[in-house]
**Q** 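For reference, the structure I am asking about is given below.
Keep in mind that the numbers below use all heavy atoms, side chains included, and drop hydrogens, waters and symmetry copies. Order of the sequence lines fixes the chain letters, A, B, ..., with proteins taken first and strands second; residue numbering starts at 1 for each chain.
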Amino acid sequence: MANIPITVEFSGGLELLFASERSLSLEVAEGTTVGELVNILVDKHMVDTRTELFVVDGTVRPGILVLINDADWELEGEESYVLEKKDTILFVSTLHGG
Amino acid sequence: MANIPITVEFSGGLELLFASERSLSLEVAEGTTVGELVNILVDKHMVDTRTELFVVDGTVRPGILVLINDADWELEGEESYVLEKKDTILFVSTLHGG
Amino acid sequence: TPTATPELSAEEYLRYGRQLIMPQIGLPGQLRLKNTRVLIIGIGGLGCPAASYLSSAGVGTLGLLDHDLVELSNLHRQILHTLAYIGRPKVLSAIDRLRAANPNVTYIPHITALDKENALEIIQNYDLVLDCTDHPRVRYLVSDAAVIAGKTVVSASALKTEGQLVVVNKPTSSEEGGRGPCYRCYWPRPPPTESVVSCGEGGVLGPVVGVMGVLQALEAVKIISSGALEGQRAPASANEAAAGSPGTEGPSKPEPASMLFFSSYSPTPFKTLRMKGRRADCISCGTPSDPALKITASTIPDYDNFCGPGPDAVLL
Amino acid sequence: TPTATPELSAEEYLRYGRQLIMPQIGLPGQLRLKNTRVLIIGIGGLGCPAASYLSSAGVGTLGLLDHDLVELSNLHRQILHTLAYIGRPKVLSAIDRLRAANPNVTYIPHITALDKENALEIIQNYDLVLDCTDHPRVRYLVSDAAVIAGKTVVSASALKTEGQLVVVNKPTSSEEGGRGPCYRCYWPRPPPTESVVSCGEGGVLGPVVGVMGVLQALEAVKIISSGALEGQRAPASANEAAAGSPGTEGPSKPEPASMLFFSSYSPTPFKTLRMKGRRADCISCGTPSDPALKITASTIPDYDNFCGPGPDAVLL
Ligand SMILES: [Zn+2]
Ligand SMILES: [Zn+2]
């Protein structure tokens with residue numbers, strides 16, 4: 001199957017888990033879901049070994065929003081959303097400071 | 001020829017020339033250029049009769065930027081740019097206050 | 001309780017003239033500002049600029065809540081405080097400064113921490129709340145109490161180079177019940193203890209938290225002057241109710257839920273994120289499948305323990 | 001001339017601690033802030049918040065330029081001024097307030113209007129300029145003088161519910177000559193007299209101009225702490241030059257020209273507009289086809305008449 005290019009962005013401190021990279025340009029197999037992307041990120045790109053800071057019980061941990069092209073993934077089918085060419089997936093952690 | 005839908009936005013006070021509408025959803029004929037769009041706006045949509053506040057010497061007056069999908073029209077061929085489906089054309093006037 | 005004020009003084013016309021002449025404000029909007037009571041929770045990096053712009057815009061009553069004292073390390077971002085107030089309550093420092101610029105405003109000091117015992121009692125005396133706190137624990141408390149009291153909250157946060165802003169429990173016609181999402185709808189579950197990293201106070205750029213605080217004031221001015229809060233209580237004056245067209249649309253325009261996200265070192269620093277909106281089964285603003293879970297005045301949760309290693313916790 | 005300051009005092013470590021711990025600032029960034037001289041032109045709705053955050057961030061020398069006196073109608077947005085200073089110079093009001101929070105900064109008052117006679121002389125004493133003025137006439141003057149003096153300008157403006165921000169003459173590797181566009185590159189021709197509508201002072205929402213002013217301070221902090229200005233002059237201290245990795249990239253990253261556009265009542269309030277960049281034939285920063293048109297120190301244009309009906313002109 002062909003690969004498609006996507007962009008993954010990290011924010012709100014999550015970039016620290018990924019070698020301080022705020023933006024990754026990735027190629028994923030056509031048909032890859034966002035749920036599968038999360039596993040790919042943990043397996044291949046996460047540098048910090050504390051995976052529980054990103055994934056808990058098989059999904060993104062509480063306190064992290066997942067945005068598909070700037071829309072909450074809950075509007076797009078959550079884990080089951082199938083990635084399309086040029087999609088941008090943004091992971092944002094709750095900020096609390098003031 | 002088919003018509004295509006575009007969005008026109010006014011800002012920086014220019015909306016006052018267009019009945020205070022900040023955003024217009026228009027249909028234009030396929031092949032219409034931005035230069036032609038400016039004339040259409042003056043002829044059909046501008047309410048204020050002082051056309052020199054929008055067009056001088058056949059083009060948009062100094063002090064107004066034209067953005068095609070958030071990019072300066074000078075990057076896109078200025079008047080000769082041919083409109084595409086779902087384009088957003090934004091007219092912004094210089095703000096000077098402080 | 002605020003006094004109903006039917007009109008503006010000559011001094012007020014002069015002072016607020018440059019916002020009064022705008023159609024988005026006008027006399028009706030200015031009178032709404034004057035007759036509105038706003039509570040600012042947290043007088044730190046967000047609360048200082050927010051209080052400054054709300055006071056100068058002519059909000060009638062400003063409550064300021066914080067239990068902290070001014071410290072030297074606050075001054076790089078908490079722009080109301082000065083050296084002379086080091087060691088004194090932030091609330092008093094702020095009020096002295098605000099009054100020097102605008103004595104028309106009624107300032108109400110609350111030198112206390114917000115907790116489940118006092119939250120509802122304090123919040124119900126105000127029309128609009130700004131959440132300018134610095135801990136997720138308090139953010140859930142503010143939202144839960146505001147939902148029970150029927151108040152809107154403008155909630156912002158900032159850390160390092162980034163910020164977030166949402167409006168919580170906002171009057172709207174686009175959601176059932178006439179209210180937008182609560183804080184729990186945006187962030188349904190607090191992060192687990194394991195994911196909370198304790199590392200003292202987090203770093204933050206002053207202007208980053210400053211931008212977010214000013215944007216909170218702006219959002220508050222927009223909400224108040226539009227008349228969107230008027231469903232919450234009787235109009236404060238006959239004049240106000242009859243004030244005519246500018247800014248009198250009320251709580252009508254359908255607006256999808258959104259979060260403003262600021263990442264100051266990004267090439268496109270601001271993003272408007274489209275959010276899911278209200279959750280029908282939200283334990284605060286919705287109808288949970290188990291009715292016993294529904295948060296009420298007498299069951300506001302204990303927030304002391306839910307997010308890990310104490311008051312200095314910093315979330316990743 | 002500023003004194004070279006090789007290190008921070010204990011008081012400074014404490015005061016700036018929460019920005020010092022950030023990798024974007026660090027000790028090198030803080031020392032750069034301390035050794036930089038910033039000129040703020042206009043102490044109004046933009047200049048007040050900008051000065052406030054630059055002072056509290058620890059910029060070493062702040063020049064404040066304005067010829068106006070504080071008026072009551074300023075107070076809804078000019079957050080440094082208080083009632084006690086009505087009728088007194090804005091510059092002195094601002095400096096008194098800033099010094100009360102941060103006496104470490106050297107404040108330099110310029111109680112004067114900027115004109116073609118004094119612009120170059122004043123600007124060349126600073127490393128970075130903030131254009132916080134309220135008239136297009138002065139905006140061209142600031143840019144023309146800054147290009148001649150080799151200075152970067154963070155330029156913002158606001159009116160009613162909207163704002164704009166551009167960085168002018170910014171050190172960059174992505175443009176020939178190592179500098180980004182000047183103000184004339186963004187706005188090549190001033191608007192003709194006929195399109196200028198005179199209607200006194202325009203309306204403006206306080207927090208709208210406030211957001212733009214804070215964003216100017218943020219942009220200044222980013223530019224200074226990154227080391228991008230260091231090509232402009234010799235490093236102010238040996239320590240600074242040897243200060244190590246964080247924030248020492250210098251004026252390198254290619255950045256396309258952009259304008260930040262804020263429309264506070266829009267559903268997507270912030271836009272980053274991609275701009276054309278430098279114009280090769282710009283009469284200020286480029287090589288005009290007719291060399292006689294090139295603006296030099298001795299031919300800075302007369303800005304008094306180019307945009308219509310006088311100082312209260314408001315552009316549509
Ligand atoms: Zn809810
Ligand atoms: Zn130029």
**Q** Is Lys116(C) salt-bridged to Asp144(C), cutoff N-O under 4.0 Å?
**A** no
**Q** Could you look at Ser263(C) and say if it's the side chain, the backbone, both or neither that has a heavy atom under 4.5 Å from chain A?
**A** side chain
**Q** Quick one: does any side-chain atom of Glu9(A) pair with a main-chain N or O of Arg22(A) as donor and acceptor, under 3.5 Å?
**A** no
**Q** Under a 4.5 Å heavy-atom cutoff, which of Asn69(A), Val92(A), Leu90(A), Leu75(A) has the most pairs with chain C?
**A** Leu75(A)
**Q** Would Arg50(A) and Asp48(A) pass as an ion pair if we require N to O under 4.0 Å?
**A** yes
**Q** Answer yes or no: are there more than 12 heavy-atom neighbours, outside Asp57(A) itself, under 6.0 Å from its atom CG?
**A** no
**Q** Measure distances from Met259(C) to the heavy atoms of chain A and classify the residue's part below 4.5 Å as side chain, backbone, both or neither.
**A** side chain
**Q** Does any heavy atom of chain A fall under 4.5 Å from the side chain of Tyr183(C), the backbone, both, or neither of them?
**A** side chain
**Q** What I'd like to find out is whether the side chain of Phe10(A) reaches to under 4.5 Å of the side chain of Leu24(A), using heavy atoms alone.
**A** yes
**Q** Heavy-atom cut-off 4.5 Å, strictly under: side chain, backbone, both or neither for Val204(C) against chain A?
**A** neither
**Q** Is chain A contacted by the side chain of Thr161(C), its backbone, both, or neither, given a heavy-atom distance below 4.5 Å?
**A** side chain
**Q** Relative to chain A, which segment of Lys160(C) carries a heavy atom at a distance below 4.5 Å: side chain, backbone, both, or neither?
**A** side chain
